[in-house]
Amino acid sequence: MTKGYTRQEIRAKATELAKMMAETEEVDFFKRAEKQINEHVKVQELIAKIKKLQKEAVNLQHYGKSEALKEVEAQIDALHEEVDQIPLVQEFKESQLEVNELLQMVSNTISKSVTDEIITSMGGDLLKRRTTKSPFDSCQ
């Protein structure tokens, strides 16, 4: 039988992997882009306007002011579009996608590897992705 691992050991390896990921080019670019976003006056002004209008929208919705709500939502949409047109914001969003892809790749790799280990350890069929042989396999 193979060595069993404790949750603590797995958590330690996960922490080690997280540290490795935090030192990738994708994460480094993301951190630099976020810092620039936080220091970009125009972006911060637009975000502040959006937040203010969002609070106003909540109040308008609460009081059933649907026409005024539509106007405020249109203003919010216009401000979002304005923010999205700023090249720095586009770069930041792209870096978010790249970091998310990295996280997804790691998650998928772990998931597939665990499944493969389970199938293999049970004498199953990796090609059919099953842990046991079906009694119907010989009928085909």
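No experiment lies behind these values; they were computed from the predicted model shown.
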How long is the span from the [atom1] atom in [X] to the [atom2] atom in [Y], to the nearest 0.5 Å?
X   : Y   : atom1 : atom2 : value
K51 : L53 : NZ    : CG    : 13.0 Å
L60 : K55 : CG    : NZ    : 14.5 Å
E71 : I76 : CD    : CD1   : 12.0 Å
I10 : L17 : CD1   : CG    : 13.0 Å

*Does the side-chain contact (heavy atoms from CB on, under 4.5 Å) test come out yes or no for E45 and V41, once each step is laid out?*
CA-CA 6 Å; E45 286 174 353; V41 175; 3.5 Å; yes
*Checking side-chain contact (heavy atoms from CB on, under 4.5 Å) for the pair K42/E82: CA distance, chi angles, key distance, verdict?*
CA-CA 10 Å; K42 177 74 172 171; E82 189 175 343; 3.2 Å; yes
Would you indicate whether the side-chain heavy atoms of [Y] and [X] approach each other to under 4.5 Å?
X    : Y    : result
R129 : K112 : yes
R32  : K35  : no
E25  : D28  : no
L102 : M105 : yes

Answer yes or no: is there a donor N or O on one side and an acceptor on the other, between the side chain of [X] and the main chain of [Y], under 3.5 Å?
X    : Y    : answer
S107 : L103 : no
S95  : F92  : yes
T24  : M21  : yes
E73  : Q54  : no

_Heavy atoms from other residues, nucleotides or ligands near CD of Q8 exceed 12 (cutoff 6.0 Å)_ =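 Result for CD/Q8: open.
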*In this structure, which one of E91, Q44, K93 forms a side chain to side chain contact (heavy atoms under 4.5 Å, CB included) with I37?*
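Single pass found, and it is Q44.
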*Which pair of non-hydrogen atoms, one from A22 and one from V27, has the smallest distance, and what is that distance?*
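What the structure gives for the nearest pair is O-CG1, 3.5 Å.
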